[in-house]
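These notes concern the structure reproduced below.
This is a predicted model, so every value here is computed, not measured. Order of appearance sets the numbers: ligands from 1, and atoms from 1 within every ligand.
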Amino acid sequence: MFKKIAYIFSFLLMIITKPADALNNGLALTPTMGWLHWERFLCNTDCTNDPKNCISEQLYMQMADIMASEGWKELGYDYVCIDDCWLASDRDSQKRLQADPKRFPSGIKKLADYVHSKGLKLGIYEDVGHKTCAGYPGSLGYYDIDAKTFAEWGIDLLKFDGCNFDNLDQLVKGYIDMSNALNKTGRDIVYSCEWPLYTWDGGLQPNYTAVRHYCNSWRNFADIYDSWSSIKSTIDWAADHQEIIVPAAGPGGWNDPDMLVIGNFGLSRNQAVTQMAIWAIMASPLIMSNDLRNIDGYSKSLLQNKYVIAVNQDALGAQGQRISKSNNFDIWKRELSGNSFALVFLNREEIGGPRSIAVILNDLGVDSSCKMSCVVTQILPTYEQWGRKNLTAVLQFTVNPTGSVMLRVEPFSN
Ligand code: GLA
């Protein structure tokens, strides 16, 4: 009898505490972390002239080796993900997808085994429509077969693109059908969608309740480039649409502003700090696209900054928002577990030197941390303990052009 009551109680508790309408596969309870080839390696299929950088099994094996041996995995970067251009140009005689036999001679299952042997997970890419964005066979008409193939291969994440569909109804149905097909396989496969991006592109506002119900993460906005203007427009799109997109995020489902491009060619150090800080405060998936075989020390330590990762991975799963925008300073705030907060101060000025900003804690809505007194720690661009403060404290500091200062505010406890 007692057992029965306990069961009913825990069932009720599950219903009450379950995040509203999250894809119920128990995955991505914090934002996904890992590596994806697209921004850095694009659709380079020329293994004859560029064997080191072409899309081949070698590339993922080498990234997996480094992710396992150079501290990435321990920090949470555990998905090694294939993007477009891995496919052969045709399905096999049983209509199953197959990898390009020249570039993936061992096949995807073997690659998955290898990645798993390193304690990592393997992600793959397909498209809801007739063809992928780069023109390889799409999944339309084959969702069940493809989901089953991915599960049999040991795939752990599917990035599902949205090129080459006939109309928006077909696109939406396709995303839902693939979600159901993945669930039916019984394998844990994180489902990363681009459904909202293509819906916005089609001139409609996506139904984020439905998106969250079927996907573990979803792209909203244009592809990221290795440039400050791309980072800026991605950040601004998120801030300008925050009333629509922020409520959709939470454990199990996340807004995805696309890959981290830190460690490539286009961002200054300050801009790299800004991407890391804003991606963390937005509870974004942290999916790097860079060459881990050849990454500078500054980028590596920024991507491996455990304090920033802790903000990104905070268990509460509340996505942060821009709370003010004035005098070319943007201020972002994210609520964290334990009555704590993260704050980012972004200096948008692109001329001159470091600019000074002064803020009063009381004006930043951090009362639940600082009612009695709180502890303020700067975690970017460098780690500095600022010590104990109260609500009326004035914080004064400088922020470099296009750079950010990130703070963590926690209740004081002795
Ligand atoms: C689209 C996606 C990108 C990438 C390419 C591959 O543009 O948004 O992230 O997957 O397709 O072709």
Original post:
So, are Asp146 and Arg91 salt-bridged, with charged N and O less than 4.0 Å apart?
Top reply: yes
Original post:
When you look for protein heavy atoms under 4.0 Å from ligand 1, which residues do they belong to?
Top reply: Trp38, Asp83, Asp84, Tyr125, Cys133, Ala134, Lys159, Asp161, Glu194, Arg219, Asp223
Original post:
Between Arg40 and Asp226, is the closest basic N to carboxylate O distance under 4.0 Å?
Top reply: no
Subject >> Heavy-atom closest contact (Gln98 atom, Asp90 atom, distance) >> reply: NE2-O, 3.1 Å
Original post:
Strictly by modelled atom types, are Asp127 and Asn164 linked by a side-chain donor-acceptor pair under 3.5 Å?
Top reply: no
**OP:** Would you mind listing every disulfide bond (SG atoms under 2.5 Å apart) that reaches into residues 236-282, with sequence neighbours excluded?
**Re:** none
Original post:
Does any N or O in the side chain of Arg187 come within less than 3.5 Å of the main-chain N or O of Ile155, such that one atom is a donor and the other an acceptor?
Top reply: yes
